[in-house]
Amino acid sequence: MAFFSRVEDYVNDLTGRLRADNEENRREERRAEEEAARRNEETNVTDGEQQVRVESVDFRVRDDALNHHCEKFELVTLQKTPVLRRGGVFTFDIKFSAEVDLKRGHVLKLYFTYGPTPSPHKGTQAVLNVSGKKLLDKNHMQWDVRTVEQQGSTITVEVQIPTDSPIGIWKLGVEISRRNPPSTPDPLRHLLRLDTMIYILFNPWNKHDTVYLPEEDKRQEYVLTDVGKIWQGSYPYPRGRHWVFGQFDDAVLPACALMLERSGLRPENRGDAVLVSRAISKIVNSNDDRGVVVGNWSGDYSNGTNPSSWTGSIKIMEEYLRTSSPVKYGQCWVFAGVVNTVCRALGLPARVVSNFNSAHDTDVSLTIDEYFDKNGEEIKAPRAGVNPMGLGDSIWNFHVWNDVWMDRPDLPVGYGGWQAIDATPQEQSGGYYQCGPASLEAVRRGQMELNYDVPFVLAEVNADVVKWQEDSEAQDGFKKLYAIKTHVGRLLLTKKVGVLEDGGFVSRDREDLTTVYKPPEGTQAERVTLHTAARRSRNARHAFRFPSEAIEDVEFSIQDVEKINIGDDFNVTVRSENTSEQERSVNIILRAGSTYYTGAPAHHISSAEGKFKLQPKEVKTLTLPVPYERYYRKLVEHAMVKMVAHCTVEETSYAWTDDDCFEVAKPEIKVEVVSGDLEVDKQITARFSFTNPLHEALTNGSLVVDGPGLLRPKTIPIGDVAAGAEMRYDLRIFPKKSGNHTLVATFNSTELLNLTGSAQVTIN
């Protein structure tokens, strides 16, 4: 492909060694030839012996790729580039200008090098003597070579790759010399350094590799599946959107090599899955270096791409290489989608995880602290010097990160397996915007002291929401009213192994990870986990050592809103129940507003107030009607509405505040193949359609279509769609590969964003 040739040249230029090395190698060969000629004259070589040259090296790219589970990479199928996994063996043929004798006449050496300054001591260089032996007899952590056969001037060799080899681009040099030359060095020595880039990856199929994953169905899912689903929306109605990881695209591995170079991770450390995964979490965002994606939560994407418009990672990786600059823009699911692509491409098993009601704890307190004045009004920013703790704490309606699978030799036994990493730039770790790998077992047990970033991940899934009220007599100027212990981490989801459904709201293809990250809410084990962690943090002890002072004899709750389709009216209701034996006077303020998915408020929509008496055991409700005309123009991306209730009880001074959030449901794009033969290179017609649910036209619409094996990512201008009208677009496609594929689409307009749809397509 023309694009790939540009990528290849770009990687060569940027690493500072690939193309330059090739030119230097040619100069070295010419110098060696001139030196050999000079020495021949000086030593009066008269026996008529001619120099044996290495003419070519022929890699058995397709066969080796099949044996290494790498046959899907386009570098293999289109470019004949070796893509291999460490711990495996690969075979190639070496053709010489004349027949060689490895037992008596010649010495054949192979030089494998990695990085700008290869070193055997650092594991970035290997020198193999091809002695003619027929068996590989060295340890799995060593390079080894055997001779398969010799036919005339061609020798076939098989090489063993160490199971701890650095991953990325390796280079090969082949040297032939005489066994007993008349002078040292041999004037007839010949060295051929190949231009071919050999990609070596992690190997989840090899039990000696630290990323070994025993179950084949999980290897198929977490390494080889190239289309998945990322859950967005809000609890309890999450919505899955398809994402094309596309890890086998011809741009991805060169992009990964570039990322490793820019990450700052030393070449000798690129065989360590722990350090590689941490580097990936750092380099996918652009905050500290020339990483892949620029984060933007402002709502203004005029000089880039709206994060909701991406269908997958391929266009992002291509643009990153083509422009030599970070790509604009991404939000958490975009970062997670790209991380998943990079990890799976490099052979590191990975999955995307969505956490609903995800805490962003800025001070390692394991709490999300909210402050109120004496009248019960929320204090947005505590006054300087009064109580600086809690500044910046927030709860995202959902947040997306990744789990990666590996052993953890740096931790005690039992903390291997799934590890959380997060490329969304939230807080610095070790001076950079990076997060993880945090052992899920450490998170579940509250082991705050274990590397890396366990406290931050623990707070994301299990922090308490603590309400504080201004009190001049309290130790820190605020008294603890009460703590909500079940609001954070309501649901953690990932795609189920081996299942992918077309719909966004279906549940058959989702796996619940909530109890993998923490014990069940409300159990003693869950409280023990959090208190165990709190003892290891000074800031956490502050909140957990104070008892709640509130007299909670009136129970309040916001009633869950059922699924609301955009264009419908809805109601918000607060329920109050007097559980005491005395009359209670209750004041309720109920507000509805649009919100960003990070929890940041956008626009006020409507509000209601109520004051009433509650007799003992009596229940009353306050309802706020919200018609379509009031909320539609206030919605921002993701169409989320947040309800906030402020409730007080006059007799006890009890103040209760809580919120709930839901996503207004938008139509899904219907994707279907309406004509054509489902065969490779035969035209099929795919139809994309939905009905505009709004009472006004959609303007500046665009449709983005993607599907590995079917077509490359394509953006299609749609224009306007009238109110209540159907958007329909037919696209001609010429499938590139046989097998099962997923066709993914997104639609965005000025008035309506983030419509998605997909369909499974099988090509014969």
Side-chain angles (χ1 to χ4, degrees), residues 230-234 241 243-244 255 259 262 280-342 352 354-355 358 360 362 392 394-402 421-428 432-435 460 594-603 634-640 642 661 663 700 702 704 706 713 715 746-756:
I230 301 175
W231 269 265
Q232 300 177 345
S234 59
R241 68 171 293 172
W243 188 270
V244 176
M259 292 166 63
R262 286 184 169 182
I280 290 171
S281 78
K282 172 178 176 286
I283 193 62
V284 168
N285 69 68
S286 65
N287 286 51
D288 301 303
D289 38 44
R290 293 177 295 163
V292 182
V293 179
V294 180
N296 185 348
W297 289 264
S298 70
D300 179 7
Y301 314 113
S302 54
N303 61 341
T305 298
N306 186 319
S308 296
S309 295
W310 301 113
T311 55
S313 305
I314 294 175
K315 287 187 69 174
I316 295 173
M317 304 291 267
E318 288 181 350
E319 185 175 337
Y320 176 61
L321 286 168
R322 184 174 61 253
T323 64
S324 183
S325 300
V327 179
K328 300 175 180 179
Y329 291 105
Q331 293 177 357
C332 67
W333 70 92
V334 178
F335 289 111
V338 173
V339 166
N340 223 54
T341 298
V342 173
V352 180
S354 298
N355 179 33
S358 186
H360 180 181
T362 60
S394 61
I395 298 178
W396 295 26
N397 298 316
F398 70 91
H399 179 48
V400 188
W401 61 76
N402 303 81
I421 63 173
D422 191 349
T424 301
Q426 296 181 89
E427 299 293 326
Q428 288 190 339
Y432 299 98
Y433 284 97
Q434 57 189 349
C435 182
E460 285 183 306
S594 60
T595 181
Y596 295 97
Y597 86 96
T598 59
H603 307 290
K634 303 293 183 66
L635 295 178
V636 292
E637 49 195 342
H638 296 285
M640 289 184 170
K642 186 174 185 178
C661 185
E663 181 181 34
N700 301 315
S702 65
V704 182
D706 198 352
T715 300
T746 66
F747 177 88
N748 286 278
S749 66
T750 302
E751 294 75 16
L752 198 58
L753 301 170
N754 202 19
L755 274 62
T756 63

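Nothing here was measured: the structure is a model prediction, and the numbers come from that model.
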J.: Passes side-chain contact (heavy atoms from CB on, under 4.5 Å), Y597 versus C661? Steps please.
T.: CA-CA 9 Å; Y597 86 96; C661 185; over 6 Å; no

J.: Just by distance, do the side chain of S302 and the backbone of D300 share a donor-acceptor pair under 3.5 Å?
T.: no

J.: Applying side chain to side chain contact (heavy atoms under 4.5 Å, CB included), name anything that partners P307, two or more places apart in sequence or on another chain.
T.: Y301, Y329, Q331, W333, V334

J.: Quick check against the 3.5 Å criterion: does S281 have a side-chain atom that pairs as donor or acceptor with the backbone of Q434?
T.: no

J.: Minimum heavy-atom separation for V327 and I316, please, with both atom names.
T.: CG2-O, 3.4 Å

J.: Work out which heavy atom in W231 is nearest to a heavy atom in S354; give both atom names and the distance.
T.: O-OG, 2.7 Å

J.: With D289, which residues qualify under salt bridge (Lys or Arg N to Asp or Glu O under 4.0 Å), at least two apart?
T.: K282

J.: Using modelled atom types and a 3.5 Å cut-off, is there a donor and acceptor pairing between side-chain atoms of T595 and backbone atoms of A600?
T.: yes

J.: Quick one: CH2 on W310 to NZ on K315, what's the gap to the nearest 0.5 Å?
T.: 6.0 Å

J.: Using side chain to side chain contact (heavy atoms under 4.5 Å, CB included) as the criterion, list what pairs up with L753, not counting sequence neighbours.
T.: N306, E637, N748

J.: Tell me if a side-chain donor or acceptor on S594 pairs with a main-chain N or O of V636 at a distance below 3.5 Å.
T.: no

J.: N285 side chain to T424 main-chain N or O, any donor-acceptor pair under 3.5 Å?
T.: no

J.: Quick one: closest heavy-atom pair of D422 and W401, and the distance?
T.: CG-CB, 3.7 Å

J.: Heavy-atom distance under 4.5 Å between the side chains of M317 and M259, does that happen here?
T.: yes

J.: Atom CZ of F335 and atom CG of N340: how far apart are they, to the nearest 0.5 Å?
T.: 15.0 Å

J.: Short question: side chain of N754, backbone of H638 - any donor-acceptor pair under 3.5 Å?
T.: no

J.: Say whether, by atom type as modelled, one donor and one acceptor occur between the side chain of N397 and the main chain of G233 under 3.5 angstrom.
T.: no

J.: Mind listing the closest non-hydrogen atom pair of F398 and C332 along with its distance?
T.: CE1-SG, 4.1 Å

J.: T746 side chain to S309 main-chain N or O, any donor-acceptor pair under 3.5 Å?
T.: yes

J.: Kindly give the heavy-atom pair with the smallest separation between Y320 and R290, and that separation in Å.
T.: OH-O, 2.9 Å

J.: Give a yes or no on whether the backbone of V244 and the side-chain of D706 come within a donor-acceptor separation of less than 3.5 Å.
T.: no

J.: CH2/W396 to CD/Q426 distance, rounded to the nearest 0.5 angstrom?
T.: 4.5 Å

J.: Taking S358 for its side chain and H399 for its backbone only, find out whether a donor-acceptor pair lies under 3.5 Å.
T.: no

J.: Between N296 and G299, which heavy-atom pair has the shortest distance, and what is it?
T.: OD1-N, 4.2 Å

J.: How long is the span from the CG atom in D288 to the CD atom in Q428, to the nearest 0.5 Å?
T.: 6.0 Å

